[in-house]
Amino acid sequence: MALVAIPCLVSAQRQADFNVVPLPQECVAQKGKPFQMEGLSAVCYEGGVEMQRNAQFLAQYLKKITGRDVTVTDQKAKTGCIVLRLNPKMTQPEGYRISVTEKKVTVEGLQPNGVFYGVQTLRKALLTSDGEADEIPAVVVTDAPRFRYRGMHLDVSRHFFGVDFVKQYLDMLALHHINVFHFHLSDDQGWRVQIDRYPKLTSVGAFRARTVVGRNTGLYHYERYGGFFTKAQIRDIVAYAAERYITVIPEIDMPGHMEAALAAYPQLGCTGGPYEVEPNWGVFDDILCAGREETFRFVEGVLDELMELFPSEYIHIGGDEAPRTRWKVCERCQRRIAEEGISGDAKHSKEDRLQGYFMKRVEKYLNSKGRKAIGWDELLDCDVNPSTTIMSWRGQEGGLAASEKGHDVIMVPTAWFYFDYYQTPEDYWHKPLLIGGYVPLEKVYSFDPLPPSMTEAARQHVIGVQANLWTEYVYTNEFAEYQVLPRMGALSELQWSQPEKKDYENYKQRQLRLNKWYEACEWKYCPVAWEKK
């Protein structure tokens with residue numbers, strides 16, 4: 001059943017409204033009186049540490065909108081409580097059920113993460129368009145996600161965002177039921193994670209001497225810029241994410257987008273340098289040398305330390321925008337091609353296939369450590385193994401082709417999910433300088449990750465959807481918030497809710513309510529995201 005309109009029994013009361021973002025699968029009105037928030041005495045939980053933490057989160061959210069401290073207890077629930085508990089009879093791993101009677105509100109799930117998503121839905125339902133809800137109508141809400149991978153990306157290389165903002169970003173993801181944080185930690189413009197075996201990656205590679213003004217104008221700010229995360233800070237971020245049931249997937253992009261690493265260790269390039277941490281935006285010819293064994297020792301050493309920091313099943317190894325310019329004239333790379341018997345074909349050069357050798361070798365190393373690789377869709381040109389998960393960014397076509405070949409796929413096409421693109425019409429008077437493109441809210445919402453043309457076998461390989469925030473032109477915390485909000489709401493509904501429930505006009509009204517939570521958290525969002533060209 002779809003969500004139903006529940007009449008207000010007492011006109012003076014503000015009722016909680018479960019028409020939230022993302023839209024739950026089902027909400028059914030029940031007989032009986034509503035639960036009165038004035039009588040709420042405690043949040044009661046059944047279970048261990050995770051359930052206690054879920055209860056504490058809910059108490060914090062309640063204080064945010066009511067100003068009242070609510071007791072958290074593991075004592076048996078009585079009347080006037082919100083109860084959090086596990087229910088082994090439920091079947092969906094991330095699903096939840098909210099049951100409301102006059103006496104209590106119960107949020108239950110098969111696992112603690114399901115209960116957590118129920119808590120998020122309840123908190124959103126309690127902040128109405130007119131303010132804090134006085135009562136919760138008697139209902140049963142039953143819900144579970146459409147996709148198991150629900151991702152959001154942040155590039156901290158082009159511009160650096162510190163621990164406090166990353167934690168805030170994770171809070172934003174939690175509000176939207178997003179369960180994967182794609183952490184882009186290295187690029188030409190800066191290396192952002194401490195690696196003990198290679199200390200120059202941060203002492204040299206984390207800082208650039210200058211930064212281009214605007215869109216590669218040839219003019220520069222001559223100020224040292226950069227920063228990096230210590231291992232202690234990374235562990236703190238990973239733990240903070242885990243408490244919110246978010247998996248952090250790190251990305252070290254290779255073999256391209258490596259000029260920051262080459263500036264630190266020039267012997268890893270084909271020419272030997274000199275290199276600098278890149279002050280411009282774009283794609284550059286200098287990449288890791290595939291002909292040097294030292295390159296693979298470096299990559300494996302970095303991955304070893306990265307895997308110690310990030311317990312995620314997946315490690316993102318990039319693979320995008322790697323020009324073959326240097327490889328074509330590099331004696332070592334050409335020797336590698338000959339020794340490995342690598343050859344091209346009508347569609348792909350031998351250097352393309354050399355990148356396939358590079359990426360498969362790295363993936364094999366990850367597999368030997370019990371991990372899996374994700375890479376950008378250029379890897380389809382490299383003949384990588386079907387075990388590599390493909391992140392389809394250059395359009396939907398790469399993802400469709402990859403799924404037919406047996407790759408798991410995450411849909412991230414630029415035309416729908418690059419949140420560094422404009423979200424307002426081109427002539428809007430206060431538009432900031434961005435990279436270009438136009439991805440309005442309605443377009444994000446319109447995306448179909450499983451078009452009818454897909455075979456059933458291919459559909460099973462599309463594991464999720466993600467949006468990306470690249471930061472060449474996004475240089476402050478508020479700017480980052482503005483670029484992802486409210487588009488993150490449209491993304492979350494696409495990731496979570498069933499497609500037959502999609503209705504853009506209805507979604508807009510629910511998003512306006514969600515904006516109230518953005519305001520309560522003092523997050524910037526684009527107030528004119530509804531405008532059209």
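His153 and Gln466 share no side-chain donor-acceptor pair at under 3.5 Å. Under the 3.5 Å distance criterion, with hydrogens and angles disregarded, no donor-acceptor pair is assigned to the side chains of Gln56 and Tyr45.
Gln189 places a side-chain N or O within donor-acceptor distance of the main-chain N or O of Asn280, the cut-off being under 3.5 Å. Judged purely by atom type and a 3.5 angstrom limit, Trp191 uses its side chain to pair as donor or acceptor with the backbone of Val193. Counting only distance, with no hydrogens or angles, the side chain of Asn216 and the backbone of Trp281 share a donor-acceptor pair below 3.5 Å. With Arg158 contributing its side chain and Tyr473 its backbone, the two residues share no donor-acceptor pair below 3.5 Å. Of the possible polar contacts, one joining the Asn179 side chain to the Arg150 backbone as a donor-acceptor pair under 3.5 Å is found. Side chain of Arg487 to backbone of Val439: a donor-acceptor contact under 3.5 angstrom is found. No side-chain donor-acceptor contact under 3.5 Å links Glu278 to the backbone of Ala260. In this structure, the side chain of Asn468 does not engage the main chain of Trp470 through any donor-acceptor pair within 3.5 Å.
With Phe57 as the aromatic partner, Arg53 does not meet the cation-pi criteria of under 6.0 angstrom to the ring centre and within 45 degrees of the ring axis.
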Would you check, one step at a time, whether the test side chain to side chain contact (heavy atoms under 4.5 Å, CB included) holds for Tyr418 with Ile435? CA-CA 10 Å; Tyr418 267 39; Ile435 195 168; over 6 Å; no
Residues Phe417, Leu494; criterion side chain to side chain contact (heavy atoms under 4.5 Å, CB included); working and verdict: CA-CA 11 Å; Phe417 298 122; Leu494 186 70; 3.2 Å; yes
Given the rule in the side chain to side chain contact (heavy atoms under 4.5 Å, CB included) test, do Leu122 and Leu126 qualify, once you have shown the distances and angles that lead to the verdict? CA-CA 6 Å; Leu122 181 60; Leu126 287 169; 4.1 Å; yes
Under the criterion side-chain hydrogen bond (donor to acceptor under 3.5 Å, both in side chains), I'd like the reasoning laid out for Gln511 against Asn515: C-alpha separation, chi angles, the key distance, then a yes or no. CA-CA 6 Å; Gln511 181 63 56; Asn515 290 354; 3.0 Å; yes
When you look at Gln120 and His177, which way does the side-chain hydrogen bond (donor to acceptor under 3.5 Å, both in side chains) test go after all the steps? CA-CA 8 Å; Gln120 298 303 321; His177 293 14; 5.8 Å; no
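Classification of the Tyr482-Phe479 ring pair by plane angle, with boundaries at 30° and 60°, yields perpendicular. Using cut-offs of 30° and 60° on the angle between ring planes, the pair His159 and Tyr225 is perpendicular.
Exactly one residue among Tyr507, Tyr445, Tyr504 makes a side-chain hydrogen bond (donor to acceptor under 3.5 Å, both in side chains) with Glu493. That residue is Tyr445. Results of the ring pair (Phe, Tyr, Trp, His ring centres under 6.0 Å) test with His176 over Trp523, Trp496, Tyr117, Tyr518 single out Tyr518 as the only residue that passes.
Between Phe147 and Val465 the shortest side-chain heavy-atom distance falls below 4.5 Å. Looking at Val163 and Ile237, their side chains come closer than 4.5 Å, going by heavy atoms from C-beta outward.
By the neighbour-count criterion of 12 heavy atoms within 6.0 Å, atom OH of Tyr475 is sparsely surrounded, having that number or fewer from other residues, nucleotides or ligands. The environment of Glu38 atom CD is sparse: at most 12 non-hydrogen atoms of other residues, nucleotides or ligands sit within 6.0 angstrom. Within 6.0 Å of CD on Gln36 lie more than 12 heavy atoms contributed by other residues, nucleotides or ligands. The 12-atom threshold is exceeded at NZ of Lys167, counting heavy atoms of other residues, nucleotides or ligands nearer than 6.0 Å. Heavy-atom neighbours of Lys443 NZ from other residues, nucleotides or ligands within 6.0 Å: above the threshold of 12.
Of the charged side-chain nitrogens involved, none lies within less than 4.0 Å of a carboxylate oxygen, so that Arg68 and Glu132 do not count as a salt-bridged pair. Salt-bridge annotation for Arg394 and Asp320: absent, with no side-chain N of the basic residue lying under 4.0 Å from a carboxylate O of the acidic one.
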